Amino acid sequence: MSALIRSQRKAAQEPQDRQAARGQQYLTFAVTAEVFGVAIVSIKEIIEYRATTEVPMMPEFMRGIINLRGRVVPVIDLAVRFGRPRGEVTRRSCIVIIEAGQGNEQRDLGVLVDAVSAVAEIPDAYIEPPPFFGAKLRSDFITGMGKIDEKFVILLDVSKVLSIGELSTLGEIAQERAGAESPVAEGARS
C-alpha cells in the first residue's frame, strides 16, 4: 500500500509535460446519472456520507460543513453546483475530499457525489477537447472528454468547479439576496 502511495506521489511530482505524454489517473464518479472524472492528484480521500451541519445564508450548492478529524470542511453538492436539482442521499453517496484553490491558497473541500465508480488511467490519446455546444454544464468546468470502453467521462477542472474566489462571491450574492428578502429589510424600505 505504501509503495502505491509513493509511486502516486512520485508521479505527481513529475513535470506536467511528461505526465501528459503518458496520461493520468482519474477518479470517476456519478452525479445525476452522468459520469465525471477528476485527476487523482487532487483527491485527498473518499469518505462515507455523513450528515452535514447547515450554515445559514449560504448558497444552495453548499450542503454544509463536516468535522473531518478536527478540521472544518465545507461540503458542496455537485449536482446543485451544476444547476441540477438536489439529489437524494443514498447508501452509495460519498463525500470526496479534494484539495482545491488557486495559487498559494489551497483548501480542502468536500464534494457530495452519488457514487464513486473507479480509478481509471486515461491516456491523452483518449481525451477529446470539451464540446463547444450541447453540454449540460459550463464549458469552463470541463477539461476534456475521456473515453473509457466506448463511453465518455466528463473530466472536470477542479480549479474552476471549486474556485474559491467564485464560491465566496456566490456566497456573498446569496447573503445579499437573503438580506433583501428578509422582513427586516422589508421594514427598512417602508
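Along the sequence shown, residues are numbered consecutively beginning with 1. Bear in mind that the values here come from a model prediction, so they are computed numbers and not experimental data.
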If I compare all heavy atoms of Pro85 with all of Ala79, which pair ends up nearest, and what's the gap? O-CB, 3.9 Å
Any chance you could lay out the side-chain contact (heavy atoms from CB on, under 4.5 Å) test for Val55 and Thr53, step after step, and finish with the verdict? CA-CA 6 Å; Val55 179; Thr53 302; 5.7 Å; no
Checking side-chain contact (heavy atoms from CB on, under 4.5 Å) for the pair Val161/Val38: CA distance, chi angles, key distance, verdict? CA-CA 11 Å; Val161 174; Val38 172; over 6 Å; no
Going hydrophobic residue to hydrophobic residue with side-chain gaps under 4.5 angstrom, can you get from Tyr49 over to Ile46? no
Closest contact, heavy atoms only, Val80 versus Arg86: CG2-CA, 3.7 Å
Grab the two heavy atoms, one from Ala30 and one from Ser117, that are nearest each other, plus how far apart they are. N-OG, 4.3 Å
Hey, does the side chain of Thr52 reach the backbone of Arg63 with a donor-acceptor pair shorter than 3.5 angstrom? yes
What verdict does the side-chain contact (heavy atoms from CB on, under 4.5 Å) test give for Glu128 and Phe152, after you've listed the backbone C-alpha separation in whole Å, the side-chain angles of each residue and the deciding distance to 0.1 Å? CA-CA 9 Å; Glu128 299 291 327; Phe152 280 105; 4.1 Å; yes
Report the residue from Val89, Leu68, Val75 that forms a side chain to side chain contact (heavy atoms under 4.5 Å, CB included) with Arg50. Leu68
Over all atoms of both residues, closest heavy-atom pair of Ser93 and Thr90: OG-N, 2.9 Å
Say you draw a straight line from CD of Glu45 to SG of Cys94; how long is it, rounded to the nearest 0.5 Å? 12.0 Å
What about Val41 and Ile97, same hydrophobic cluster or not, with Ile/Leu/Val/Met/Phe/Trp/Tyr joined at side-chain heavy-atom distances under 4.5 Å? no
At what distance, to the nearest 0.5 angstrom, does CD1 of Ile65 lie from CG of Leu109? 12.5 Å
Tell me, yes or no, whether the heavy-atom count around Arg91 atom CZ, taken from other residues, nucleotides or ligands under 6.0 Å, exceeds 12. no
Interatomic spacing from OG1 in Thr143 to CD1 in Ile154 - rounded to 0.5 Å: 10.5 Å
Would Phe61 end up clustered with Ile98 when hydrophobic side chains under 4.5 Å apart are linked, directly or stepwise? yes
Run the side-chain contact (heavy atoms from CB on, under 4.5 Å) check on Val73 and Ile95 step by step: do they pass? CA-CA 11 Å; Val73 177; Ile95 298 175; over 6 Å; no
Any donor-acceptor pair under 3.5 Å from Asp114 side chain to Thr32 backbone: yes
Which value, rounded to the nearest 0.5 Å, describes the distance between Leu156 atom CG and Leu78 atom CG? 6.5 Å
With rounding to the nearest 0.5 angstrom, report the CD to CD distance, Glu121 to Gln24. 9.0 Å
Using the rule side chain to side chain contact (heavy atoms under 4.5 Å, CB included), only one of Ile43, Ile127, Ile40, Val119 pairs with Tyr26; which is it? Ile127
same_hphob_cluster(Leu112, Val116) at 4.5 Å side-chain heavy-atom cutoff: no
Contact summary for Asp108 and Pro74, nearest pair of heavy atoms: O-CD, 3.8 Å
CE on Met62 to CZ on Arg81, rounded to 0.5 Å: 10.5 Å
Kindly state whether the ring of Phe141 and the ring of Phe36 have centres lying under 6.0 angstrom apart. no
State, with a plain yes or no, whether a side-chain heavy atom of Ile66 is found less than 4.5 Å away from one of Ile47. yes
